[in-house]
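Take a look at the structure set out below.
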Amino acid sequence: MRKLLNTLYVTMPNAYLARDGENVLIKIDNEIRFRIPVHNLEGIVCFGFAGASPGLMHLCCERGVTLSFLTEYGKFKGRVTGKVSGNILLRKNQYRWTENEIITLRMATRFISAKIMNSRAVLHRAVRDHPQVVDTTLLTDTMKNLASLAKQLQKVKDLHTLRGVEGQAAYLYFSAFNQLILSQKEDFSMSERNRRPPLDRINCLLSFLYTLLTHEVVAALESIGLDPQAGFLHRDRPGRPSLALDVMEELRPHFADRLAATLINRNQINANGFVVKENGAVIMDEKTRKEVLVAWQKRKQEEIIHPFLEEKVPLGLVPYIQAMLLARHVRGDIEDYPPFFWK
Amino acid sequence: MEKRHLEEDYLLLSGIQHMAFCERQWALIHIEQAWAENARTMEGKYLHERADNPFENETRKDVRVVRAMPVVSKKLGLRGVADIVEFYRTGDVLEEVTVRLKNRKGWWRPCPVEYKRGRPKRDDRDAVQLCAQAMALEEMLGVKIEFGFLYYAQTKRRVEIAINQQLRTRVEELSSKMHQMFADGKTPKAQKGKHCSLCSLKEICQPSLTIRHRSVKEYLAQMVDLEVKDY
């Protein structure tokens, strides 16, 4: 499998990125603070206002390193990439497929079944690991309901109904989500999923993790030659990485939701790391963001057995593997898309 | 083989070495546009830096060394850059193999030299690239080229390659296969073998997955624990 390279996250707002030969430099007040050879990097993500020299951008384009700019709260602003790459024939087929109702429904069903089953697996893990602490009845019921929704999904005839089933599943899952929080329960609880703005700390944390995941999936799709904007389940909307959001569905529970719970349960982050505005909107502070980024990078190194390839791979490669399998399917190498199931 | 290709249909001459090595590797690079740099390809890049400078030409007595010479063959439909073309001065005209050079006295005999990292290979992928360059030069200069050299960085030796009929036929076959595959736009399945371990695109290619993979339908059924409906 492709080597898992690192993403460099730049969180200091006064950082400036520059190039020295084959190296990426991070300067603060004109002083070199960090230096890394570009071939060790897959992407650079700048939070807040981090400047970058044209020379560095040139290097990134040449080496296929994605350089992204996010606001300090993780909202995506833009990205520097090289030329449009990959196989136009593959992309055209992707566009044709996204216009085809039957194929669109099949693909959407794949993403969402995996999402529902993976959400169910997250709850299952909580029951298995902490049967004394969690409300097993609630969780077992939710798991049952999720399984039956996954079953319903197979009979769905149109996208509208499918979205309805997905909505129900998400509602059930997030209603039970508080059960995963074993410590700091008073400070961390959620009543529903909300994001614009997030109204509690868990939602704030989840939104941030989803942003990180989006970045990875977009990069994976692009590097495999698929257009991250042309999705199946998510409708086209300028600027929205619909296909990335589609693929993310199956990855969210394990990649983001579980990590969020772990960070809280291990007391790696705490209530003080969040600012609650007068209107209830919640924002994460810089120290907490850093803590989350470190945990994210660490999680990507964890090894799992990929359920379809049956090969041991680091978790960070899963978005690339799914992008590759998706491209294989669009190209006709394999007869269907095997989404990622976490067991 | 009197076919002439249109300029817009030209393919990269250097691709012929990939084609000779593995059809799928060629397709991944030239059709899929997937390119994974590995240590080996990077080395090659540095090695080429000097040979690639088109302004660093030199003449030593009776040898003129021209670097980075753009070459094209309309017959093969290939274009590229020859690392080095050496011209040897001969006092007299030699039938078919010498040319005049602008502002220089005498007759000159062209000979392509291709730089390679590593050592000589068991297969003919380096030789076919050199031969394709020679065939392009023949078309452009109106001469016959009977030999060329492959220079190997690791052994620091030149190997003389005879541009014979057998090699020329192989080049013609490979280039017409390239054009045919490019027109079809299809990437062939992998032919898994020993050569896969040397390939910089192994991660992208996933040879074992293209040859045989699990049934996705069974996988889905097993994972969702439900019957998967056919559409």
Side-chain angles (χ1 to χ4, degrees), chain A residues 1-3 22 39 62-64 83-90 92-93 101-103 105-107 109-110 113-114 116-118 121 147-148 150-156 223-225 307-311 317 320-321 324-325 327-329 331-343, chain B residues 8 24 26-46 49 181-190 192 196-197 199-231:
Chain A
M1 258 298 149
R2 176 191 180 113
K3 207 164 67 180
E22 295 295 306
H39 67 255
E62 213 169 74
R63 294 310 165 76
K83 330 179 238 202
V84 173
S85 65
N87 180 357
I88 177 65
L89 305 171
L90 173 71
K92 279 187 109 167
N93 215 24
E101 274 178 36
I102 297 167
I103 295 177
L105 182 63
R106 185 188 71 219
M107 297 304 287
T109 313
R110 299 290 171 265
S113 339
I116 297 178
M117 294 312 281
N118 290 341
S148 97
K151 195 170 249 169
Q152 267 184 45
L153 207 58
Q154 308 304 316
K155 299 190 193 84
V156 158
S223 74
I224 220 84
F308 182 72
L309 298 183
E310 296 175 315
E311 244 182 81
L317 276 188
Y320 287 92
I321 295 169
M324 178 193 81
L325 291 169
R328 286 277 151 83
H329 178 39
R331 221 161 45 199
D333 286 354
I334 50 180
E335 74 277 16
D336 203 335
Y337 170 67
F340 174 76
F341 287 97
W342 180 68
K343 289 265 156 169
Chain B
E8 61 166 35
R24 184 170 165 88
W26 179 82
L28 286 171
I29 296 169
H30 298 267
I31 301 179
E32 302 292 326
Q33 309 262 302
W35 179 243
E37 298 247 14
N38 66 8
R40 239 174 266 127
T41 62
M42 285 303 292
E43 260 174 54
K45 197 170 165 177
Y46 290 119
E49 257 160 33
M181 280 169 60
F182 197 81
D184 293 346
K186 284 253 161 47
T187 302
K189 296 203 166 173
K192 202 176 172 186
C196 291
S197 61
C199 177
S200 63
L201 295 182
K202 196 177 172 199
E203 282 77 22
I204 296 173
C205 172
Q206 287 292 301
S208 50
L209 193 64
T210 56
I211 294 161
R212 225 170 47 130
H213 62 81
R214 297 169 64 186
S215 143
V216 182
K217 197 172 282 182
E218 273 169 33
Y219 165 78
L220 287 167
Q222 183 196 338
M223 290 294 159
V224 189
D225 201 19
L226 295 164
E227 266 178 56
V228 179
K229 201 182 130 199
D230 264 310
Y231 287 99

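Note that these values count all heavy atoms, side chains included, but never hydrogens, waters or copies made by symmetry. Convention: sequence-line order gives letters A, B, ...; per-chain numbering from 1.
Residue B:Y219 holds its OH atom at 8.5 Å from CG of A:L309, rounded to the nearest 0.5 Å. Taken from CD in A:Q154 to CG in B:L220, the straight-line distance is 8.5 Å, to the nearest 0.5 Å. Once rounded to the nearest 0.5 Å, the distance linking CD1 of B:I31 with CG of A:L90 reads 12.0 Å.
Between the side chain of A:E335 and the backbone N or O of B:S215, no donor-acceptor pair lies under 3.5 Å.
Annotation: A:E101, atom CD; neighbour count of heavy atoms from other residues, nucleotides and ligands within 6.0 Å does not exceed 12.
For the residue pair B:M223 and A:P307, the shortest heavy atom distance occurs at CE-CB, 3.7 Å.
Of the two parts of A:I103, neither the backbone nor the side chain holds a non-hydrogen atom closer than 4.5 Å to a non-hydrogen atom of chain B.
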